[in-house]
Amino acid sequence: MNTDIEYLDQQRMNYLKWYLVVSTIFMILLLTRHFFRLSGLNSQPVGIAVLIGLVLSLILQIICLVRSALLERNIHQDPRLEAALHNELVKSLETQSWIAAYLGTSGMTLFFAFTWSFYPVCDPVSIALSAIAAGAIANRAYFYFRYSMS
Amino acid sequence: MTENPLKNKIKVYRAMNDWTQEELAQRVNVTRKTINTVENRKFVPSAYLALKIARAFGALVEDIFQIDEGISDGE
């Protein structure tokens, strides 16, 4: 039944929406912690609160990803659902989303390059991970907003 | 943003058959959003999808889809 398809489509977008919300919070807290470390605030109560938020957002992010992966597995197992839900519109938007991923990664790298002028950012691993995370969020956000506007 | 050079009569054919976008989506086996984007010219369908839509209506693909001569394709 097509209502199954519409239901699964809606569910898929709901998981994506929550993933985006949690990932954005995670990214903000990750950057906050990064700059708190430079200021020596990570051992203070405010730094610990940020760490707790970071861990919680990471857990929620994993939950969203696991549920989303389980849904995708169910879709893959049924050729009819696979064809309907991974149709050419979805594939086209997924391809276009890589442009957003590139811009997100580049933007975050440039942000750190700019920040270097004011703070001694000397943690290449953190910069690389933040840039990759920003690219992943931009990729999914582009897909979510373009598909939602369809 | 590039204008979609492919106009269509999906809405007309849906009205003639008294189908909703969801009913057409069911017959073509895509999501309602996909039908909506094609119908509103936000997305150019592949030849395969265009043929499936035409077949669902029992019409020829050129009855449903036409090139919009008003939009230049740079030729």
Answer with yes or no whether the hydrophobic clustering places A/Val21 together with A/Val66; edges join I, L, V, M, F, W, Y residues whose side-chain heavy atoms lie under 4.5 Å apart. yes

Single hit among A/Leu8, A/Asp9, A/Val90 for side-chain contact (heavy atoms from CB on, under 4.5 Å) with B/Thr31: A/Asp9

Non-hydrogen atoms of A/Ile5 and B/Val30 that approach each other most closely: CG2-O, 4.4 Å

Strictly by modelled atom types, are B/Thr34 and A/Asn87 linked by a side-chain donor-acceptor pair under 3.5 Å? yes

Under 3.5 Å donor-acceptor, B/Lys33 side chain and A/Glu6 backbone: no

Would you say A/Arg12 has more than 12 foreign heavy atoms packed within less than 6.0 Å of its CZ? yes

Can you confirm whether more than 12 heavy atoms, excluding those of A/Gln10, are under 6.0 Å from its CD atom? no

May I ask whether A/Phe35 and A/Met108 are part of the same hydrophobic cluster, defined by side-chain heavy atoms of I, L, V, M, F, W, Y residues being less than 4.5 angstrom apart, directly or through others? yes

So for atom CH2, which belongs to B/Trp19, do other residues, nucleotides or ligands contribute more than 12 heavy atoms lying within a distance under 6.0 Å? yes

Whether B/Asn29 side chain and A/Ala83 backbone form a donor-acceptor pair below 3.5 Å: no

Nearest non-hydrogen partners of A/Ser150 and B/Asn36, listed with the distance: C-ND2, 3.3 Å

Hey, are the side chains of A/Leu89 and B/Leu49 touching, using non-hydrogen atoms and a 4.5 Å cut-off? no

Taking everything shown except B/Lys52 itself, do over 12 heavy atoms lie less than 6.0 Å from its NZ? yes

Heavy-atom donor-acceptor pair, A/Glu88 side chain to B/Ser46 backbone, under 3.5 Å: yes

